[in-house]
Amino acid sequence: MTTLTAPSAQPEPTRHALKPCAGFGLGLRTPHYSDFLASQQPLDWLEIITDNFLVEGGKPLVMLERIRRDYPMAMHGVAMSIGAAGGIDEGYVRKVKALADRIEPMWVSDHLCWTGLGPEHLHDLYPMPYTDEAARHVVEQIRRAQDILQRPLVLENVSSYIDFKHNAASEWQFLAYIAQAADCKLLVDVNNIYVSSVNHRFDPLDYLHALPAHRVQQIHLAGHSDHGHYIVDTHDNPVTQAVWDLYAKACQRFGPVATMIERDDNIPPLPVLIEELGLARGIAANVFDRPAAPNDHKECAGEPGLSQTAQPSASAPAAQPAVALAQVQQRMHAFILDRPAPLDAPMTSLVADAAGVDTAQRLGIYHHAYRARLAEVLADSFAKTVLYMGSSTFEQHARDFAVSHPPMSRSLSRYGADFPAYLAALYPGNPELSELAQLDWDLRTRFDGPDVPALSAQSAQAATDGQAPPWLHGRSPLHPSLLLRRISTNVTQIWRAIDADEDVPEVHHHAPAKTLAVWRKALQPHFQTLDGDEAAFMQRLLAGSSIDEAANALAGTEVLPDPQRLGGWLHGWLEGAMLRQDQQQHRQATPEVAALATSEQANDVCRVTIYS
């Protein structure tokens, strides 16, 4: 490696100045929302998963706004894919910036990795080859991202299970060089260093001592799973003693650095995590209370170019000729999705052999993780469908779906839109199954849709100086979260029984099919079966008609033989928050419709039952 040269020594820009230590924090996870809302917790700060909040509205952002009033926050992303050969998605980075501008985090972080080749996104943290080409590319992408973010990017090291034959530097040399060349900060995941040190048989202290301490902004601690010949970063167990020991060394090396524990699965009660975080506080206090050893905070002498720092160990085989970054990622992508390898060059041909290491097994970790991750996402979005089908059957279909339908978005919250149709094709004789999945999906996607004010009964009946209220003649008056679905079975009864943990009724088929309305009232998704006439009227509104226009067109027909019928519907829609707040100017509506909207008569009509 001879092409890269050391970045010139220049003062760091002010916006890239290292922030003071923020103390000790935890990741903000949904099961703990109530704890944070109920009382102040003994934490200095919280870290959010950026991508969970890149939504249009709904409960996630409401909870975030409430909780951030009491705690400083850091943003931690998993989908920037800074190392993807195709470069960063500037639109995605702008969304990250918009969220950062909204919540004003202490810093914004992501991972030194790639997560897929557009337009498909595999949603795993894949390792980079440590080459000149990869280093130049990553540095350029970090600079682009920082220009958009208008703040420094903090990059985290990922755990890895394979080494590439053509690596010409160690991971820590690669990381240290990139941090200097791109002028970014580092998030040191101590657990990831330990995991990789076991998997690749290097000394984790070599890793720690190679990193520039002045660039370390944050430290992650987490648990892992030990599989004997290798370990996997899983975030589903407490921090192990080996990682605690390495954390003590990190404290010696980097000084006081904001530290947190990650827990993403098997999440315990908040007090358990707070108690575990106390161990980190104790270790740090013990380190900082004693006199520093001579080399505890010593910086590496200079930060030369990657070519100059890359010194393979005596036992390591010589690096093979470099393979283009795009080719490496194309082969890995094909391997994960069981597709033919590009140029008939399998992924195994790129992976370095090591004594006692089963290369196929190590690659299999990534192969399995992709399917397991997406099956977990689908199970979360289709919770009632899982219980109806059985978890084993559902998981197999979900894994198969993950291979045939890779995600096309950086957001996993919208992965699964085609799953109901996928089940319909698999089970044509069981329409209740795909209808149940569709109901699960519609409720899920109402959850974090745009925040649009609903028309209240008080606003609807407000005085308008003798004119008809504007919401009667406004186009598309229904709340934008509302959609209509045709159902041919008693799927709503099935869904309710599963939700209540009651015996599931036998399947009954509707002839003719019925219409189901699904929408969001405040922060809660709702659904309701409509009678045929009410559904026909709503369809006209969804097609763009105003209430006044639809009433005039359908007056005297089977749908609306009596204007009083519309009064009952209007009352139910207002009570159910199914109409949007109208911002248009007043206009004259049909007197009969205006009278129905403002009279007390509608209040005598039985209100619509809304299931939540």
Side-chain angles (χ1 to χ4, degrees), residues 48-54 75-100 107-131 133-149 151-162 164 171 174-175 178-179 181-182 184-187 189 192 220 233 264 323-337 342 347 350 366-367 369-370 373-374 377 402 406-415:
I48 67 167
I49 301 299
T50 302
D51 305 273
N52 290 345
F53 299 94
L54 298 182
M75 287 171 51
H76 185 54
V78 294
M80 193 171 291
S81 198
I82 204 77
I88 62 170
D89 178 344
E90 293 189 356
Y92 169 83
V93 180
R94 290 190 185 95
K95 290 180 181 179
V96 174
K97 181 182 186 302
L99 181 63
W107 54 81
V108 175
S109 66
D110 209 289
H111 299 78
L112 178 56
C113 69
W114 62 284
T115 63
L117 298 177
E120 296 173 338
H121 301 278
L122 304 184
H123 293 279
D124 201 354
L125 309 176
Y126 298 111
M128 300 292 297
Y130 308 131
T131 64
E133 180 207 7
R136 287 193 301 270
H137 177 72
V138 170
V139 168
E140 179 185 355
Q141 302 315 307
I142 294 172
R143 290 171 176 168
R144 290 177 61 199
Q146 291 184 148
D147 285 345
I148 295 171
L149 293 171
R151 66 186 74 218
L153 182 62
V154 182
L155 276 187
E156 177 184 353
N157 57 295
V158 300
S159 57
S160 65
Y161 313 103
I162 58 172
F164 294 105
E171 181 183 343
F174 188 81
L175 184 59
I178 283 172
C184 69
K185 302 301 180 185
L186 296 177
L187 192 170
D189 191 311
N192 284 350
H220 270 176
D233 176 40
D264 297 311
V323 178
L325 177 63
Q327 290 186 24
V328 174
Q329 295 180 355
Q330 288 165 6
R331 294 188 202 181
M332 186 70 165
H333 197 96
F335 170 78
I336 296 298
L337 297 177
M347 186 64 200
L350 298 179
Y366 294 105
H367 191 272
Y370 169 77
R373 172 68 173 134
L374 293 188
V377 169
M408 305 297 284
S409 168
R410 293 179 187 272
S411 172
L412 280 174
S413 68
R414 290 298 180 264
Y415 179 64

Is a donor on one side and an acceptor on the other found under 3.5 Å between the side chain of [X] and the backbone of [Y]?
X: Ser81; Y: Thr115; result: yes
X: Gln141; Y: Ile88; result: yes
X: Gln146; Y: Leu153; result: yes
X: His333; Y: Leu122; result: no
X: Asp124; Y: Tyr126; result: no

Classify the side-chain pair Ser109/His76 by whether it contains a donor and acceptor separated by less than 3.5 Å. yes
Distance from [X] atom [atom1] to [Y] atom [atom2], nearest 0.5 Å?
X: Cys113; Y: Ile82; atom1: SG; atom2: CD1; result: 9.0 Å
X: Leu175; Y: Glu156; atom1: CG; atom2: CD; result: 10.5 Å
X: Tyr92; Y: Ser411; atom1: OH; atom2: OG; result: 9.0 Å
X: Leu99; Y: Asn52; atom1: CG; atom2: CG; result: 10.5 Å
X: Leu112; Y: Met80; atom1: CG; atom2: CE; result: 12.5 Å
X: Asn192; Y: Asp233; atom1: CG; atom2: CG; result: 4.5 Å

Should Tyr130 and Phe164 be marked as a ring pair (Phe, Tyr, Trp, His ring centres under 6.0 Å) after you check the CA-CA gap, both sets of side-chain angles, and the distance that decides it? CA-CA 8 Å; Tyr130 308 131; Phe164 294 105; 7.7 Å; no
State plainly whether the residues Arg94 and Glu90 are in salt-bridge range, i.e. N to O under 4.0 Å. yes
For Arg410, is there an ion pair with Asp51 - N to carboxylate O distance below 4.0 angstrom? no
[Y] and [X], any side-chain heavy atoms less than 4.5 Å apart:
X: Pro406; Y: His121; answer: no
X: Pro127; Y: Ile162; answer: yes
X: His111; Y: Val78; answer: yes
X: Leu186; Y: Val154; answer: no
X: Leu412; Y: Leu374; answer: yes
X: Pro129; Y: Leu325; answer: yes

Apply side-chain hydrogen bond (donor to acceptor under 3.5 Å, both in side chains) to residues Tyr415 and Ser413 and explain how you reach the verdict. CA-CA 6 Å; Tyr415 179 64; Ser413 68; over 6 Å; no
Minimum heavy-atom distance [X]-[Y], with the two atoms named:
X: Ile142; Y: Cys184; value: CG2-CB, 3.9 Å
X: Glu171; Y: Ser160; value: OE1-OG, 4.4 Å
X: Val96; Y: Met75; value: O-CE, 3.6 Å

Stepwise, does the side-chain contact (heavy atoms from CB on, under 4.5 Å) test hold for Met408 with Glu120? CA-CA 5 Å; Met408 305 297 284; Glu120 296 173 338; 3.7 Å; yes
Report the C-alpha distance between Trp114 and Met128 in whole Å, list the side-chain angles of each, state the deciding distance to 0.1 Å, and finish with yes or no for side-chain contact (heavy atoms from CB on, under 4.5 Å). CA-CA 7 Å; Trp114 62 284; Met128 300 292 297; 3.9 Å; yes
